[in-house]
Amino acid sequence: MDALAITLQYVFTGVAIGSIYAMVGLGFNIIYNCTGIINFAQGEFVMLGGMFMVTLTTVWKLPVGIAFPIAVLLVVLVGIGFERIAIHPLKNPSVLVLIMITIAGSILIKGLAMFAWGKEARYLPHFSGETPINIMGATILPQTLWVLASLLTVVVGLAYFFNRTLIGKAMRACAHNPDAARLVGISVKQMVTLSFGLSSGIGAIAGVVITPIILMDYQRGAMLALKGFGAAILGGLGSAPGAVLAGLLIGILESLGAGYISSHYKDAIALIVLLGVLFVRPGGLLGSADVQRLKKF
Amino acid sequence: MKKVLILTTILCLMLSGLGFAAEPAGEPIKIGAVFSVTGKASWLGEPERNTAKMIEAEVNAAGGINGRPIEVIVEDDAGVEANAVNAVKKLVTKDNVIAIVGPSVTGASLAVKPIAEEFGVPLISCAAAESIVNPVAKWVFKTPQKDSDCAIRIFEYMKSKGLTKVAIITSTDAFGDNGRKQLKAHAPQMGIEIAADETYGPADTDMTAQLTKIKASDAQAVINWSVVPAQVTVSKNMRQLGMTIPLYQSHGFGNVKYAQASGEAGEGIIFPAGRLLVVDTLADDNPQKAVLAKYKSDYESKFNDQVSTFGGHAYDALWLVINAIKEVGPDKAKIRDYVENTKGFVGTGGIFNFSPEDHCGLDKTAFEMIIVKDSKFVALSAVEKSAAQVIMIQED
Amino acid sequence: MKHYISLAFFIVVVMGLPMIVRNPYYVGTLVFVGIYSLITISLSLLLGYAGQISLGHAAFYGIGAYTSGLLATRCHLSPWIGLVCAAVVAGVLAYSIGRPVLKLRGHYLAMATLGFGEIVYIFLNSTVELTGGPSGFGQIPRFAVGAFSFKNDTRFYYLVWVTVIILLVLVLNVINSRIGRALRSIHGSETAANTMGVNTASYKMQVFVFSAAVSSIAGAYYAHYVTFVSPATFDANTSILLVTMVIIGGMSNVWGAILGALLLGTLPEYLRTFGDYDILIYGAIMLIIMMFAPEGLAGIAAAVKRKFEGTLVPRAAA
Amino acid sequence: MLEVNGLSKEFGGVIAVNDLSFRVVERQIKSIIGPNGAGKTTLFNLLTGLAPCTRGNITFLGKNICGLKPHVIAELGMSRSFQNVEIFDNMSILENVMLGRHCRTGCGVLNVALRRKRAVEEERKIREEALRQIETVGLDADPDASPASLPFGKRRLVEFARALATSPKLLLLDEPVSGLNIRETEQVAELIRRLRSSGITVMLVEHDMSVVMEISDDVLVMDYGTKIAEGKPRDVQRNEEVIARYLGQSRSNAESTKP
C-alpha cells in the first residue's frame with residue numbers, strides 16, 4: 001500500500017466509525033430540542049434496534065426490508081412507553097432529575113435486554129454482503145454505505161420535518177419557549193412524547209444498520225451513548241448537521257490518531273480535540289453559546 | 001435533630017437488612033463462588049455460574065460428599081473489584097464457606113488475592129492472567145492455562161511454519177494487556193520479531209486503522225489477543241483490507257460463536273486452547289476425552305447452549321475443591337494442602353499437576369492448537385493428519 | 001446549634017457501630033460507603049450547592065489511588081505522605097483544567113468533565129510501565145502509625161469514618177457561612193451572584209479543586225484498603241455512579257450525600273440474593289426514587305419528619 | 001460620582017449603545033427612560049461589568065471601571081436590581097439578603113470551616129445587617145421562608161434588601177415598579193426617596209412616567225442607544241423630540257396598561 005492509499009484507508013475507517021457516532025448522536029438532539037435534557041437511555045434504544053433486528057431476521061426469518069421497519073417500530077413503542085410511564089406523569093421535573101430518570105431507564109432496559117437476548121454478543125449478517133469496495137487501494141464495506149445512506153436520509157428527513165410540517169414546527173416552538181407554545185394551543189406534553197418516539201426511532205435505525213458491523217450485546221448501549229453524546233456536544237446540541245459533522249470528525253480523528261500517532265491514545269486524541277473546540281466555542285461547532293445560555297441547564 | 005434520627009433509623013434498618021439471611025445451622029458443605037454474572041464480563045460469568053450449579057446438582061444427586069450435600073453459593077461481582085472484595089468477605093465471614101471458586105476476571109481476582117490470604121481460605125480463580133499465581137500466594141490457585149504457555153505455543157507454531165515477524169494487536173483490558181506483556185516477553189527468546197504492536201479498546205467497533213498500519217509493516221502474521229467480541233471484527237477487518245497473512249488468536253477465542261460470527265473471515269484462524277472445544281475430533285485414547293465429552297454433553301443438554309472453555313475453568317476449579325473435600329474433609333487448610341499437592345487431575349483445561357511453586361498446575365501441553373474450519377473448531381493435528389493421509393494416498 | 005446536636009448524634013452512631021457490627025463483611029461494606037461518602041460530600045458541594053456538574057470525578061478518585069499507591073510501592077514512601085501528595089496532584093490538575101472547563105455550562109460542562117475523565121482513564125491504561133496498564137498493580141502497603149497498622153476492616157473503618165466526620169464538620173461550617181451562601185448563589189443565578197459581589201469564577205474553581213482533592217484522598221484510602229488498583233475501577237461508570245449517589249441522596253444536602261452513598265453502596269449487597277434480577281431491581285429503585293421523590297432520600301427524610309411532627313402536634317394538643 | 005464618556009456597545013454588528021456620555025452626581029436620583037430596545041438595560045449591564053464595553057470609558061468614584069469584573073465593581077459600591085427579579089430561590093429570604101453582605105465581609109474558607117471566633121462574630125453581624133435591611137425595605141415575611149412562594153411585589157423587595165445589604169454608594173434599579181400595583185409602586189417610590197436621603201445615589205430605568213417625573217432629579221432619554229435628551233424632568237417633558245419619539249406614545253401605553 002502506498003502512502004496515499006494508507007491515508008485514504010484511515011479516512012475511510014474514520015468515516016465508517018464516525019458515521020456510527022453521528023447516527024447515535026442525532027438521536028440525542030430531538031429530545032434535547034424538545035425538553036432540554038440529554039436522554040442517557042439513547043444508547044439503549046440503539047441496542048434494542050439491533051437486537052430486535054437480530055431476532056426478526058434470524059429467528060423469524062423475515063427479509064431485511066420487512067424486518068427493518070418492524071424493528072424500528074418496536075423500539076419507537078418502547079421509547080413512547082418509557083416516556084409515558086416514567087416522564088409523562090411528572091409535574092415540573094428539574095433537568096437533573098429527568099437525566100437521572102433516563103439513566104435509571106437505561107439500566108432497566110439493559111436488564112430486560114439481558115433476559116431477552118442473553119449475555120453474549122449477537123450477530124447480524126451484512127445487508128449487502130461483505131465484499132469490500134475498493135477505491136484507489138483503500139477499501140470500505142458496503143454496510144458502511146448503508147450507515148451513511150441512513151445518516152443522510154435521517155438528516156434530510158429531520159430538516160423536512162422541522163421546517164416543513166406543522167407538527168415539526170410545533171415541536172420547535174416547544175423547544176424555544178414551552179410557555180408560549182402552550183399559549184398558542186400546542187400540547188407540550190404530547191410533543192415530549194413525540195420527541196421520545198422520534199428519538200428512539202432514529203436510535204433504532206442506527207442500531208439496525210450498525211449491528212452487522214459492530215455485533216450487538218445488551219451492554220453496548222452505554223459505550224455508543226457516550227460516543228454519540230460526544231458527537232452531539234461537539235456539533236452543538238440541537239443541531240443535526242452539527243452532530244453528523246462532529247461524529248465524522250471524531251471518527252476520522254480516532255482513525256488518524258491510531259494510524260499516525262498511537263492506537264493506545266487514539267480516543268484521547270479525539271477527546272483532546274473535542275475539549276479544545278469547546279474551550280474556543282463553548283456551544284460546539286454549529287451551536288451558539290448565547291442560545292445555550294438561555295437553557296435551563 | 002429529627003432528620004438525624006430518621007437518618008440513623010434508615011442506617012440501622014439497612015444494616016439489619018444486611019443480616020436477614022441468618023446462617024442456618026448447617027448440614028450442607030458450603031462452597032463459595034464469585035462470578036461476573038452481570039456487568040462487563042457477564043458472558044464469562046454466565047457459563048461459569050451454570051457449570052457450578054450443574055455440578056452442585058450432580059454431586060447432590062449422587063448423595064453428596066460422605067452423605068453431606070454441598071451448597072455452592074454464587075455471588076455476582078459484576079466485574080467490579082470493590083464488589084468482588086465484598087463478595088469474598090461475605091462468603092468467608094458470613095456464609096463460612098470452606099473454599100472459593102472464582103472470580104471470573106483478572107482484576108477482581110487480583111483484588112481479592114490479599115483477602116484470601118488474610119482470611120486463610122483456598123481460592124481458585126477462573127481468570128487467566130498469570131499474575132494471579134505469580135508470585136505464588138499461599139491460598140490462591142487458578143485453573144485457566146497460562147498466558148505465557150499460550151504465547152509460546154503460538155510462537156512455536158509460527159516457527160514451525162518458518163514465520164519470524166509478527167504483528168500483535170491486543171485489547172486494552174486486563175486480559176489483552178497480560179497477553180501483550182507475555183508476547184513481548186517471550187518473543188526475543190523464541191527468535192520472533194514483533195513488527196507492530198497495536199491495541200484497541202474492548203468496545204471498539206473498527207480496527208482497520210490499526211490493521212492498515214500492520215499491513216504496511218513487514219509482519220508475516222498477526223496475533224490478536226482479547227476475549228471480547230471485537231476479535232470477530234479483527235478477522236473481518238483483515239478480510240476487508242485484503243490481508244492474506246495468517247491470523248492467530250489467543251485462548252480467549254474459545255467460544256464457537258465467535259467463529260460463527262466471523263463467517264468466511266474466520267476460516268483458517270489458528271489458536272491454542274483447551275481441548276474442550278475439539279472434543280469430537282480428539283483421538284479416543286486422549287486421557288481428557290472422557291471428562292470433556294461428559295462435561296460437553298451435560299452442559300449442552302442442560303442449558304441448550306454451546307459449551308465454552310470459560311465454563312470449563314469453573315468446572316475444573318469446583319471439582320478440585322470437591323475432590324479435596326472428599327479426601328480430607330471440609331477443612332480450609334487441609335483443602336489448600338490437598339490442592340497444592342494434586343497431581344494428574346484430569347480437567348477440561350488439561351491435566352493439572354500442582355506444586356508449592358506452581359499454583360496453576362498446567363503446562364503448555366494443556367493447549368491444543370485449534371483451527372477454524374467451516375465455522376467449527378477442529379484440532380489442528382487432526383486436520384494435518386488427514387491432510388497428510390490425503391497426500392499419502394495421492395502418493396500411493 | 002441545631003446541626004451540632006445532629007452531628008453529635010451521627011458521630012455516636014458511626015463510632016458505636018463497629019461495637020455492634022463485628023462481621024468484617026459488614027464493616028468492609030461500610031468502609032466502601034465511607035470512601036464513597038468522602039467523594040459525594042465534596043461532590044454535593046460542587047453539584048448541589050455551586051450547581052456545577054462533573055462527570056469526571058472518578059478520574060480524581062483514580063489519580064488519588066494511583067499517586068498514593070505508586071509512591072508507596074515504587075518509592076516506598078509512607079502512605080500518609082502519599083495521601084498528601086495525592087491530594088496535591090489532584091488539586092493542581094483540577095486547577096489547571098478548571099479555568100477553561102468551568103467556563104462551560106450544563107451539558108457541555110458534563111461532556112468536558114466526562115472527556116477529561118476518559119483521558120485520565122486512557123492514560124492509566126496506556127502508560128503500562130508506570131501504572132501497570134489495564135492489569136493494574138497490587139501489594140500496596142496499608143496505613144500504619146508506628147507499629148499500629150490499619151490492617152483489619154474495623155481499624156480502617158475508623159480511619160475512613162473519622163475522615164468523613166472531619167470533612168462533614170468542615171463542610172457544614174462552610175455551607176452555613178458567607179461562602180456557602182456564595183456557592184448557592186452561583187447555582188441560583190450566576191449573573192445575580194456576580195453583581196452582588198461574588199467572585200463566581202473563583203468560587204467555582206475553589207470548590208472544584210477542593211472536591212478533586214477530597215476525591216483523591218478517597219482514592220488513596222481505596223488503594224491502601226483494597227491494596228490493589230486497576231483502571232477499571234475509575235472509569236466513566238464510576239463517575240456517573242458518584243453523581244447518581246449525590247442526586248439520589250438529595251443533592252443540595254450533605255446528609256443526603258451520605259445517604260446516597262449508603263444506599264447505592266450497599267444496594268448491590270442486598271441484591272445479591274436476587275441473582276441476575278439485581279440489575280432490574282437496581283434500575284427500578286432508582287427510577288422510583290427519582291419519579292416520586294425528586295428531592296432524593298434527604299427529601300424523603302424531610303417529608304417523613306414533617307409527617308412525624310404533623311401527627312405529634314395534634315396529639316400534644318389533645 | 002459616575003461619569004460616562006463616549007460609551008459604545010456592539011453585539012455582532014448591532015449597536016446597542018452608541019457614544020453615550022452623561023454624569024451622575026452624588027445623592028441624585030437619575031432616571032433613564034426610552035422605548036423598549038433603546039439600550040437601557042444594556043447600559044446597566046455595561047455599568048455593572050456584566051458585559052464588556054466596545055468603546056468609551058466609565059469612571060466611578062474617580063476610578064475607571066471599564067473591563068473590571070462585576071464582583072469588583074460591586075465591591076467598589078455599585079449594586080443593582082434586575083428587570084425580572086433575580087433572587088435565589090434555593091435560599092431563604094434572610095440568606096438572600098445576607099448574601100448581599102458578601103462583598104463587605106472577608107472571612108476566608110479556613111476561618112469559616114474551622115468556625116473561628118472571627119467568623120462567628122462576622123456571621124452574627126451579617127445577620128443583623130440583613131435583618132435591618134429587610135426592615136428598611138418594609139418587607140413583612142418570615143425571613144426563614146423560601147422566597148419562591150412570595151408574591152412578585154415582595155420578591156422585588158427582597159431584591160432591594162439584598163442590593164442594599166452590599167452598602168452601595170450607587171444603586172441601579174432596573175424597572176423597579178413594573179408589575180407592581182399602585183400601593184406597592186408608591187411604597188417603592190417612597191423607599192427610593194428615603195434611600196437618597198440616607199446618602200445613596202440612585203439610577204433607575206423605568207417606564208412608569210408618573211414615578212419618574214415625581215422622584216427624579218434628572219432624566220436621561222435614550223433611543224437606539226443614543227442620548228436624545230437630558231435634564232430636569234420638567235425640561236425633558238417639554239422637549240419636543242422626546243415627545244415626538246417617546247413620551248407621547250409611552251404615555252398612551254402606560255395608560256392603557258393601567259386600568
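Just so it is clear, the structure is predicted and the values come from calculations on it, not from any experiment. Chain identifiers are assigned alphabetically (A, B, ...) following the order of the sequence lines, protein sequences preceding nucleic acid strands; residue numbering begins at 1 within each chain. Note: hydrogens, waters and symmetry copies are ignored here, and every other heavy atom, side chains too, is used.
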Side chains of A:Glu120 and B:Asn255 in contact at under 4.5 Å (non-hydrogen atoms): yes
Non-hydrogen side-chain atoms of A:Tyr10 and B:Lys213 separated by less than 4.5 Å: yes
Derivation and outcome, side chain to side chain donor-acceptor pair (under 3.5 Å), residues B:Ser42 and A:Tyr218: CA-CA 10 Å; B:Ser42 52; A:Tyr218 77 99; 2.7 Å; yes
Chain A contacts, top residue of B:Glu264, B:Lys40, B:Gln260 (heavy-atom pairs, under 4.5 Å): B:Lys40
Per-residue contact mode, B:Thr208 against chain A (heavy atom under 4.5 angstrom): both
B:Glu198 side chain reached by A:Lys266 side chain, heavy atoms, under 4.5 Å: no
Summary of side-chain hydrogen bond (donor to acceptor under 3.5 Å, both in side chains) pairs that have at least one residue in residues 219-229 of chain B, sequence neighbours excluded: B:Tyr200-B:Asn224, B:Tyr200-B:Ser226, B:Asn224-B:Gln249
Pairs of heavy atoms under 4.5 Å with chain A: top-ranked of B:Asp204, B:Val228, B:Val232: B:Asp204
A:Leu256, part contacting chain B, at a heavy-atom distance under 4.5 Å: neither
4.5 Å side-chain heavy-atom contact, B:Val37 and A:Lys119: yes
N/O donor-acceptor pair under 3.5 Å between B:Arg239 side chain and A:Thr131 backbone: no
pair B:Met207-A:Ile17: side-chain heavy atoms closer than 4.5 Å: no
Distance-only donor-acceptor check, side chains B:Gln210 and A:Ser263, under 3.5 Å: no
Segment of A:Arg122 engaging chain B (4.5 angstrom heavy-atom cut-off): neither
Side-chain donor/acceptor of A:Thr139 to backbone N/O of B:Gln240, under 3.5 Å: yes
Under 4.5 Å from any heavy atom of chain B - which part of A:Leu141: both
Toward chain B, the part of A:Glu130 with a non-hydrogen atom under 4.5 Å: both
